Amino acid sequence: MTETILTLILFAMLVAVAFAIIQMRQLFAVVLLSSVFSLLTALLFVIMDAVDVAFTEAAVGAGISTVLMLGTIALTRKRSAERTRSDILPFFVVAVTGAALVYGTLDMPNFGDANAPANAYLRQDYLDRSVTEIDVPNVVTAILASYRGFDTLGETAVVFTAGIGVLLLLGGLAYRRAEDDEES
Amino acid sequence: MMFLVAAIGLLVAMALILVRLFAGPTVYDRIMAGNVFGTKTVLLIGVLGFLSGRPDFLDIAILYALINFIGTIAVLKFFRYRTIGDALPSEQDT
Amino acid sequence: MSAVIDILSWVCIIGGVFFSVVGAIGMLRFPEFWTRLHAASVAESGGMILLVLGMCLQAGWSLILVKLILIGFFLFVTGPTSSHAVANAALVSGQNPVVAKKAKKKRT
Amino acid sequence: MATPSDDHGAPPEAIFDWAFLTGHAEYWMFITLMMAGLFMVVARGNLVKKVVGLNIFQVSVFMLYISIGKITDGTAPIFPLNMDVDPDVIYSNPLPHVLMLTAIVVGIATTSLALALIVRIREAFGTIEEDELLILERAIDTEENRRYSAQSAGDA
Amino acid sequence: MQHHLILRVVVKILVAAIILFALYVQFHGDFSPGGGFQAGVIMAAAFILYGIVFGMAKVKQVVPEWVVHRMMGLGVLIYAGCGVASMFLGYEFLNYNAFTPHHPSHGQHYGLLIVEFGVGVTVTGVMISIFYAFASRPPTLKDSDW
């Protein structure tokens with residue numbers, strides 16, 4: 001019960017921050033609010049038992065993403081322009097999409113249901129097997145690196161590719177090549 | 001019980017700070033509110049750990065205590081020098 | 001013994017919550033940036049120390065105590081530093097504090 | 001609602017069931033957040049704000065996944081250090097945590113890619129507003145069309 | 001930021017603490033929340049903080065750009081190399097039982113450590129190089145846009 005009430009309060013704050021971000025025109029305030037948004041997100045993850053995810057969100061949201069967004073604003077502009085078009089059509093589209101999604105949730109099992117299909121079989125299997133097969137306390141690490149090792153290798157490759165993409169776009173590599181050409 | 005009181009108090013404080021964050025007439029009000037919000041989050045994570053009976057997840061709170069500083073410093077540097085990396089030579093040490 | 005520790009941590013936590021909420025109210029209600037900064041930095045540090053102390057008393061002798069002390073130390077170092085940095089940046093950018101005479105003039 | 005099969009066979013009047021409402025309110029909150037992000041992507045012209053909107057959308061998807069793995073009265077899926085696993089303790093589902101953990105880091109990497117693209121767009125066009133970009137693109141298109149038609153007319 | 005004496009002293013203390021904490025998260029990830037992804041981001045955050053306060057020239061002396069670029073690929077290589085090594089030992093790709101066949105769970109422990117280390121190296125490299133790419137670009141903000 002306590003958890004539900006805490007979730008509700010934090011969630012109300014989260015939605016308030018999201019709507020404030022929609023309203024803000026000063027891009028710098030948007031960045032600041034999005035860092036607060038990630039703080040609240042990490043709190044919600046802690047309440048929902050996802051400690052590892054909260055850890056990642058904390059590491060990413062508080063430091064790096066704020067710095068990167070500020071770097072972008074420093075290279076572009078500080079305020080967003082006045083919007084001339086009306087918001088009615090986008091609002092209609094979003095409302096219809098939301099209604100469809102809500103209709104979709106009606107068939108879902110209850111929040112926190114131990115017998116839900118997602119929790120009934122695979123969860124118990126992982127928890128039982130990792131005790132004997134991997135023998136580390138943190139099941140999340142065990143699944144991440146061992147049972148789903150291929151997946152994580154792919155994710156690492158994606159992070160690597162994104163880094164290469166940023167270097168190609170922002171000239172980290174191009175500058176160096178130009179310097180090398182001048183030297184030779 | 002005592003941690004429930006602490007959690008409720010911290011939530012109230014966070015809500016009030018959030019109002020200042022939205023309203024903040026100057027930029028510096030907002031930066032200050034964001035920083036204080038981070039501190040309150042650190043404390044709330046610690047309290048939530050005690051509340052759920054497994055206080056061995058305080059690593060997240062340590063992480064926030066260390067990292068939340070970076071955002072504040074980056075924002076301030078951005079406002080002072082208009083950049084994240086090196087300022088232009090003419091603007092150095094203004 | 002445990003009753004004494006419980007009472008002590010109750011006192012610490014109630015005090016910490018009091019300072020936190022009062023600091024937040026101050027941030028909301030004070031009229032101008034420098035007074036708000038005062039409310040934020042001082043009350044925040046006080047409330048933080050008391051809350052961490054209350055949690056330390058409940059934790060007992062364990063790794064958790066060490067982690068709580070680390071949290072307290074880092075918050076104790078970073079909080080005032082960032083307040084100082086905010087104040088410095090605001091002063092350089094030309095945010096002058098409203099002095100008493102001006103305030104009186106404005107009010108009348 | 002003891003088993004999931006009951007849930008599927010529930011008649012429509014079960015919507016006013018209290019357990020059903022409290023059990024689904026969380027999902028609806030995530031959908032609200034998701035729609036806030038979508039609205040920002042669709043209705044705001046500034047490219048940086050679009051990226052922030054995408055981030056909000058992403059976070060709400062993370063939460064939806066995590067909430068599927070949450071079990072009432074459960075605890076985080078980390079055993080005690082001495083591996084003395086108590087069979088009575090309920091641990092939440094660790095699988096969604098694994099999926100979302102990697103997704104967050106990939107998310108920040110792709111976000112930075114998007115931000116790098118925005119920086120390049122600004123350098124090429126001088127603006128990061130969608131409306132102005134569309135006008136510029138249209139001007140470039142008409143210019144190219146005119147040149148092409150002039151060229152083909154010259155050829156003929 | 002030459003004249004911010006308090007900031008510079010505090011940041012010197014904090015950077016060391018953040019790097020130490022990142023190493024803790026990296027190698028204690030089997031026992032408590034954490035792992036390669038988180039540790040990489042935290043490690044990068046330490047260098048970003050140093051770069052913001054002390055300037056890009058200083059931080060590029062500590063971690064030169066070529067080191068960062070090599071790190072990006074090195075992590076993926078460590079990860080994939082771990083899998084290839086297990087293949088050469090006669091097991092499947094990324095089956096860590098190969099390292100100590102008589103005691104499979106020990107092999108799993110070694111495998112987890114190596115793989116998480118690879119992930120951590122890649123993420124650190126990518127995050128720092130992204131920061132370098134954004135921060136090394138000369139600011140082009142016009143006064144009208146400010």
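Numbered from 1 within each chain, the chains take letters A, B, ... in sequence-line order. Computed from a predicted structure; not experimentally measured.
The parts of B/A33 that come within reach of chain C are both its backbone and its side chain, each placing non-hydrogen atoms under 4.5 angstrom from that chain. Contacts of C/I13 with chain B are made by side-chain atoms alone, with heavy-atom separations under 4.5 Å and no backbone atom involved. Heavy atoms closer than 4.5 Å to chain B are found in both the backbone and the side chain of C/I64. Contact of C/S62 with chain B is not made at all, since no heavy-atom distance falls under 4.5 Å. Interface remark: B/V47 contributes backbone and side-chain atoms alike to the contact with chain C (heavy atom separation under 4.5 Å). If you measure heavy-atom distances from C/I25 to chain B, the contacts under 4.5 Å come from both the backbone and the side chain. With a threshold of 4.5 angstrom between heavy atoms, C/A87 does not approach chain B through any atom at all. Interface residue B/Y28: backbone and side-chain heavy atoms are both found under 4.5 Å from chain C. Heavy atoms closer than 4.5 Å to chain C are found nowhere in B/Y64, neither backbone nor side chain. Of the two parts of B/V42, only the side chain, counted from C-beta on, holds a non-hydrogen atom closer than 4.5 Å to a non-hydrogen atom of chain C. With a 4.5 Å cut-off on non-hydrogen atoms, C/F30 touches chain B through its backbone but not through its side chain.
The nearest pair of heavy atoms linking B/L43 to C/M55 is O-CE, 4.1 Å. Residues C/S20 and B/A13 share a closest heavy-atom pair of O-CB, 4.0 Å. Here the closest heavy-atom approach between residue C/V17 and residue B/G9 is recorded as CG1-CA, 3.7 Å.
No other option in B/D59, B/I31, B/V75, B/V12 has as many heavy-atom pairs under 4.5 Å with chain C as B/D59. Top candidate by heavy-atom pairs under 4.5 Å with chain B, chosen from C/A59, C/S9, C/S41, C/S82, is C/S82. Per-residue counts of heavy-atom pairs under 4.5 Å with chain C were compared for B/T39, B/T72, B/L63; the largest is that of B/T39. Highest contact tally toward chain B, considering only C/A90, C/A89, C/G79, is held by C/A90 [criterion: heavy-atom pairs under 4.5 Å]. Looking only at heavy-atom pairs under 4.5 Å with chain B, the residue among C/V21, C/T81, C/L28 that has the most is C/L28. Taking chain B as the reference chain and counting heavy-atom pairs below 4.5 Å, the highest number among C/R36, C/Q58, C/E44 is found for C/R36. Of the listed residues (B/D29, B/V36, B/L66, B/L58), the greatest number of heavy-atom pairs within a distance under 4.5 Å of chain C belongs to B/D29.
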Exercise. Does the pair C/V86 and B/N35 meet the rule for a side chain to side chain contact (heavy atoms under 4.5 Å, CB included), with working shown?
Worked result: CA-CA 10 Å; C/V86 173; B/N35 190 30; 5.7 Å; no
Problem set entry | Residues B/L10, C/L51; criterion side chain to side chain contact (heavy atoms under 4.5 Å, CB included); working and verdict | CA-CA 10 Å; B/L10 285 173; C/L51 270 173; 3.9 Å; yes
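Within 6.0 Å of NE2 in C/H84 there are more than 12 heavy atoms belonging to other residues, nucleotides or ligands. The environment of C/F33 atom CZ is dense: over 12 non-hydrogen atoms of other residues, nucleotides or ligands sit within 6.0 angstrom. For CZ of C/F73, the number of neighbouring non-hydrogen atoms (other residues, nucleotides, ligands) closer than 6.0 Å is 12 at most.
You'll find the side chain of C/W10 reaches within 4.5 Å of the side chain of B/V5, heavy atoms only. Taking 4.5 Å as the limit, some side-chain heavy atom of B/I62 sits within range of a side-chain heavy atom of C/K67.
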